[in-house]
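Heads up, the thing below is written out as C-alpha cells.
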There are 2 protein chains.
Amino acid sequence: MTEDHFDDTPVQAERFSQTRTAQSQALLEDYTEMIDDLIRAHGEARITDIARLMGVTHPTATKAVARLKREGLAVSRPYRGVFLTELGSGMAERVRGRHRLVVDLLVAVGVPPEAAETDAEGIEHYVSDATLTAFAAFLTRQP
Amino acid sequence: MTEDHFDDTPVQAERFSQTRTAQSQALLEDYTEMIDDLIRAHGEARITDIARLMGVTHPTATKAVARLKREGLAVSRPYRGVFLTELGSGMAERVRGRHRLVVDLLVAVGVPPEAAETDAEGIEHYVSDATLTAFAAFLTRQP
DNA sequence: ACAGAAATGTAGCCTCGGCTACATATCCGT
DNA sequence: ACGGATATGTAGCCGAGGCTACATTTCTGT
C-alpha cells in the first residue's frame, strides 16, 4: 500500500458540504413549486392538497409550510390557504425553469420522457448555474 | 380559476416518494465509495480520514459507519480500520461507474469539468437505470 | 518504556422531516 | 341552522445526521 503523507486539502469535503447544503434547500424548492402549481390551478394552495401531492401526511405539510414562512417564502393564516411571497414566487419561477431545462436535456440525450420526469425531480436541486448554462447552450445547438 | 374535480391520482406523490427514498440511500453510497477509495489508496479506511474527506466530525463518521455495518455493507472492530463486505464492494463499484458516467455525460454536453465533478456528487444518486443506459448510449455515439 | 500526541469511542444535544393520535374549526347538504 | 364530513391545527414520537465535550485507547518519538 502507498505511504503518502496524505495531506491532500479536503476539496472533496467542500463538494460534500455543498451537496448537503443543496439537500436542505431541496424541500423548500419542492414545496414552493408545488404551492405555485396549486395557486395557478385553483387560486389557492390548501394544506390537504399540498400534502396529497407531495405524498406526505398533512401535519408534515403543515410543518414544511411553517418552515417556508420562517424563511419568508410563504404566508398563511389559520384555516386559510397558503400563498407565496414575492421571494417565494421568484423561487418558484426559477425552480420551474430549471426543472424544464433539466427534463429537456435528459430527453435530448435520449432518456425516456417518463424517466426524465422522475429523475429530474431529484437531479434539479443539484444543478449549478454553470451546468444550467451549458444545458441551455446544448439544447440551442441540438434542437 | 379552474373548477376541476381534482381527483388526479398522485403520480407526483410517487415521484417525490422515490426521491426521498433515493435521498436515504445517498449517504450510504457516498460513505461506501469513500471507504473504497481509502482502501485502494492506503489499504484501510480510518475513521479520521473518512471524516476529514467527507467534511464531517469524527463522531458523525462513526455513526455513519455504524449504519453501514447495520446494513451489511461494512465491517470493523474497535480501534481498527473500516472495511467493506462483498455487498459494500459491489455497491462501491456500481457507484463509481455511475459517477464516472454522469461526469462524462455532463462534460460531453459542455459542462465545465470542475462544475461537472461537483454537480455529479449530488446528481448521481438520482439517476435511474433507464437514464444511465441512455447516458451510455449517448456517449457511445458522441465521443 | 513511557509520556504526550493522535485516533477512536461514547454520551448527549440539536434540527429536520417523517409519522399517529387527538382537538378544533370550517364547510356543506338537508 | 345544525350536524356530520372534511380540513386544519397541535402534541408528541421516531430515526437520521449533524455537533461538542469528554473518556479511552493506540501510536510514536526520545
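Chain letters run A, B, ... following the sequence lines, proteins first and then strands; every chain starts at 1.
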Would you say dG17(C) has OP1 or OP2 under 4.0 Å from some side-chain N or O of R67(A)?
yes
Nucleotide dG17(C), atom P - distance to CZ of R20(B) in whole Å:
11 Å
Rounded interatomic separation in angstrom, taking CZ from R46(A) and P from dC27(C):
10 Å
Specify the separation, in whole Å, of atom CG of L27(A) and atom C1' of dC16(C).
9 Å
By side-chain hydrogen bond (donor to acceptor under 3.5 Å, both in side chains), K63(B) pairs with (sequence neighbours left out) none
Treating Ile, Leu, Val, Met, Phe, Trp and Tyr as nodes and any side-chain heavy-atom pair under 4.5 angstrom as an edge, say whether I39(A) and L87(A) lie in one connected cluster.
yes
Hey, can you tell me if F138(A) and F138(B) have their rings parallel, tilted or perpendicular (30° and 60° cut-offs)?
perpendicular
Should R20(B) and E121(A) count as an ion pair when the cut-off is N to O under 4.0 Å?
no
Distance-only donor-acceptor check, side chains E29(B) and H125(B), under 3.5 Å:
yes
Please determine whether side-chain contact (heavy atoms from CB on, under 4.5 Å) holds for the pair E124(A) and D30(A), giving the CA-CA distance in whole Å, both sets of side-chain angles, and the decisive distance to 0.1 Å.
CA-CA 10 Å; E124(A) 57 178 9; D30(A) 284 338; 3.9 Å; yes
Looking at every strand, decide which applies to T48(B) at a 4.0 Å heavy-atom threshold: base, sugar-phosphate, or nothing.
sugar-phosphate
Spacing of F16(B) atom CZ relative to dG18(C) atom C1', expressed in whole Å:
16 Å
Contact boundaries of DNA chain D with chain A (under 4.0 Å, heavy atoms), 5' to 3'?
dA7(D) to dG18(D)
May I have the distance from Q25(A) (atom CD) to dC16(C) (atom C1'), rounded to whole angstrom?
14 Å
If only atom types and distance count, is the side chain of T118(A) paired as donor or acceptor with the main-chain N or O of A115(A) below 3.5 Å?
no
Test item: V82(B) and Y31(B) side chains (from C-beta on) under 4.5 Å apart, heavy atoms:
no
Check the distance between dC16(C)'s P and D30(A)'s CG and give it to me in whole angstrom.
17 Å
Please confirm whether the shortest side-chain N or O distance from T60(A) to OP1 or OP2 of dG17(C) is below 4.0 Å.
no
Under a 4.0 Å threshold between the charged nitrogen and the carboxylate oxygen, would R40(B) count as salt-bridged to D37(B)?
no
Between E29(A) (CD) and dG17(C) (C1'), how many Å, whole number?
16 Å
Using heavy-atom distances to pick each residue's nearest nucleotide on DNA chain D, tell me which of K63(A) and G81(A) is more 5'.
G81(A)
Using a cut-off of strictly less than 4.0 Å between a heavy atom of the residue and any atom of DNA chain C, enumerate the qualifying residues of residues 70-80 of chain B by number.
P78(B), Y79(B)
